[in-house]
Amino acid sequence: MSGTSEKPGVLNGFEETVKDFWASRPRRPHAGRKVAGVAAAIGYRYGVDPVVVRIALVVTTIFGGFGVPFYLLGWLFFPGESDEVSGFESLIGRGRSSVSPAFAVVLLVLTVVSTGGSITGSWFDGGGLISCALIAAALYLLHRSRGHLNRPAPVAARTSYPAFTGNGAFTMTETAEAPSPARGWDPLAADPAGWDLPDAPPAPEPPPMPPPRLSHHGLQRGPRSKVGSATFALAVVTAGGAVLAGLNGAAWFDAQHIVGLVLGVVGIGLVAGAFAGGGRGLIGLAVPLAIVGMVLTTAPFHDFDVRGGVGDIRETPQASTEVKPLYQHAAGDIRLDLTELPEGAPYVTSVSNGAGNTTVIVPANADVTFDCRTGAGEASCFGHSSDGVSQPSLSGTDNGPDGVGGQKITLHVSNSVGDVEVRRD
């Protein structure tokens, strides 16, 4: 039996492609697997480097969270290379599988739980659904373009054959041997043992296969693919455009979303590289981006702003016209002194710092309405304090030692990382 089946005809439409994918779905190999062989199965089935498949699964796991549910689905629905059916089909009695029914139930429960978590708990808005759609589209396009490659042959079901125990009334014992195949009719009634026939000529040996051409780096490689370079350029353009959009006031383009967008572009490049046979260099870009995305997911760097420049700011406005509505900085210390302001109309201002310490000093008798918070660090505002990570904001009104009647000031102070202090002169 051959290891592959015949090449199918042209697949017409979505339904036919899906049916053909299920009929010839990848088989998890025994050799080359790291865990269950799902990535190796996809790579061997469609002629793609399994390393690219593994990296794509890692990217979709961190980018949207659907990489883990997909791997569990592959473990559950892709049969092993020597199995009759998949673990799920064996669970419902369709045939034999190396995945036991108990373990198939465990995989099914883990798949349901991880799928729900990836859709509802993604750090990137809608990332679970996006990564699910990317994986489904990649598999569909792979099968449309390479479904004729390495089609696995079905594994024959095992059958047991009962021992031969007799052939009727002409047997001399209870267990006679099976009769030999009937001989052809011989008109001369000669004993076949006495025939003197020439020996059959030996079968011709197949010509030897030419050895692969080697270079000083090993096997001869094909022409270099441009997928990696094109993806890298598109990722740079995407990152630059997202940063510019953030600088121009688009609140959605914060650090988490910018990293997510770039990681999505790299993930698409890896999928495209799987078709074109290139793009492995993108792994070196995807791994650090995935790490940064994971850090931004777990660390409390919410609303990290890239606007305002880098360096220290020291401002001491002495007139109402000099008070800015927003003092904003990406990195560095901010010190805002409001003690030189003349009394008069109420002052309202906000201070936003990405990474660094922020200090605001107000007049001794001013009536201050404040809202102070920091993502990671210590906040101290008029005797209220908090310290740590993701602490609630400090808000309230402090009228000073003289009570109500002083200059009205409203302050909004926000830090992503660093200490916040609001105090009187």
Side-chain angles (χ1 to χ4, degrees), residues 242-258 296 299-400 406-425:
V243 171
L244 288 176
L247 293 174
N248 285 295
W252 188 86
F253 291 95
D254 54 13
Q256 293 94 325
H257 288 130
I258 293 174
L296 291 174
F301 301 147
H302 302 296
D303 299 328
F304 189 90
D305 210 312
V306 296
R307 292 173 286 181
V310 176
D312 295 341
I313 292 180
R314 292 180 176 271
E315 294 278 352
T316 306
Q318 298 181 354
S320 59
T321 57
E322 296 179 3
V323 178
K324 300 177 183 178
L326 175 63
Y327 296 88
Q328 193 167 39
H329 218 41
D333 295 341
I334 299 178
R335 186 179 188 275
L336 177 60
D337 187 350
L338 302 177
T339 59
E340 300 295 328
L341 287 174
E343 294 188 4
Y347 299 110
V348 179
T349 187
S350 299
V351 182
S352 176
N353 199 354
N357 299 327
T358 300
T359 302
V360 181
I361 306 172
V362 299
N365 297 321
D367 297 345
V368 182
T369 301
F370 61 91
D371 178 22
C372 309
R373 66 184 180 91
T374 180
E378 180 181 0
S380 176
C381 298
F382 302 113
H384 304 272
S385 64
S386 65
D387 190 5
V389 175
S390 294
Q391 296 297 316
S393 62
L394 305 175
S395 59
T397 300
D398 188 279
N399 296 318
Q407 173 65 46
K408 303 293 184 181
I409 298 177
T410 302
L411 287 175
H412 302 282
V413 185
S414 173
N415 263 32
S416 294
V417 180
D419 296 340
V420 172
E421 181 185 14
V422 179
R423 59 182 174 85
R424 296 185 181 276
D425 185 14

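In this structure, CG on L411 lies 8.0 Å from OG on S350, to the nearest 0.5 angstrom. The distance from atom CZ of R335 to atom CD1 of I313, rounded to the nearest 0.5 Å, is 13.5 Å. Here the straight-line distance linking atom CD of Q328 with atom CG of N353 works out to 9.5 Å at 0.5 Å rounding. Atom NE2 of H412 and atom CG of L326 lie 11.0 Å apart (nearest 0.5 Å). Taking NE2 of H329 as the reference point, atom OG of S352 lies at 11.0 Å (rounded to 0.5 Å). Annotation: the span from Q318 atom CD to T339 atom OG1 amounts to 9.0 Å, rounded to 0.5 Å.
Of all the heavy atoms in A364 and D425, the pair that sits closest is CB-O, 4.3 Å. Annotation for P342 and A319: closest pair CD-CA, 4.2 Å, computed over non-hydrogen atoms. In this structure, D312 and D333 approach most closely via the heavy-atom pair OD1-N, 2.9 Å. Smallest separation of non-hydrogen atoms from V422 and C372: CG2-SG, 3.6 Å. Nearest approach of E340 to P317, heavy atoms of both residues: CB-O, 3.7 Å. Here the closest non-hydrogen pair linking R373 and V420 is O-CG2, 3.8 Å.
The backbone N or O of Q407 sits nowhere less than 3.5 Å from a side-chain atom of N365 that would complete a donor-acceptor pair. Distance alone, capped at 3.5 Å, places no donor-acceptor pair between the T397 side chain and the T369 backbone. Within the 3.5 Å criterion, the main-chain N or O of A366 finds a donor-acceptor partner in the side chain of R424. For D367 (side chain) and G406 (main-chain N/O), a donor-acceptor pair under 3.5 Å exists by modelled atom type. One N or O on the side chain of T374 and one on the backbone of G418 form a donor-acceptor pair closer than 3.5 Å. A distance-only check finds no donor-acceptor pair linking the side chain of D419 to the backbone of N357 [under 3.5 Å].
Y347 places a side-chain heavy atom less than 4.5 Å from the side chain of L341. Side-chain contact between T349 and V360 is absent, with no heavy atoms from C-beta onward closer than 4.5 Å. In this structure the side chain of I334 never reaches within 4.5 angstrom of the side chain of E315, judged on heavy atoms. Contact annotation: the side chain of I409 approaches that of P363 to within less than 4.5 Å [non-hydrogen atoms, C-beta and beyond].
Judged as a ring pair (Phe, Tyr, Trp, His ring centres under 6.0 Å), and not counting sequence neighbours, the contacts of F370 are F382, H384.
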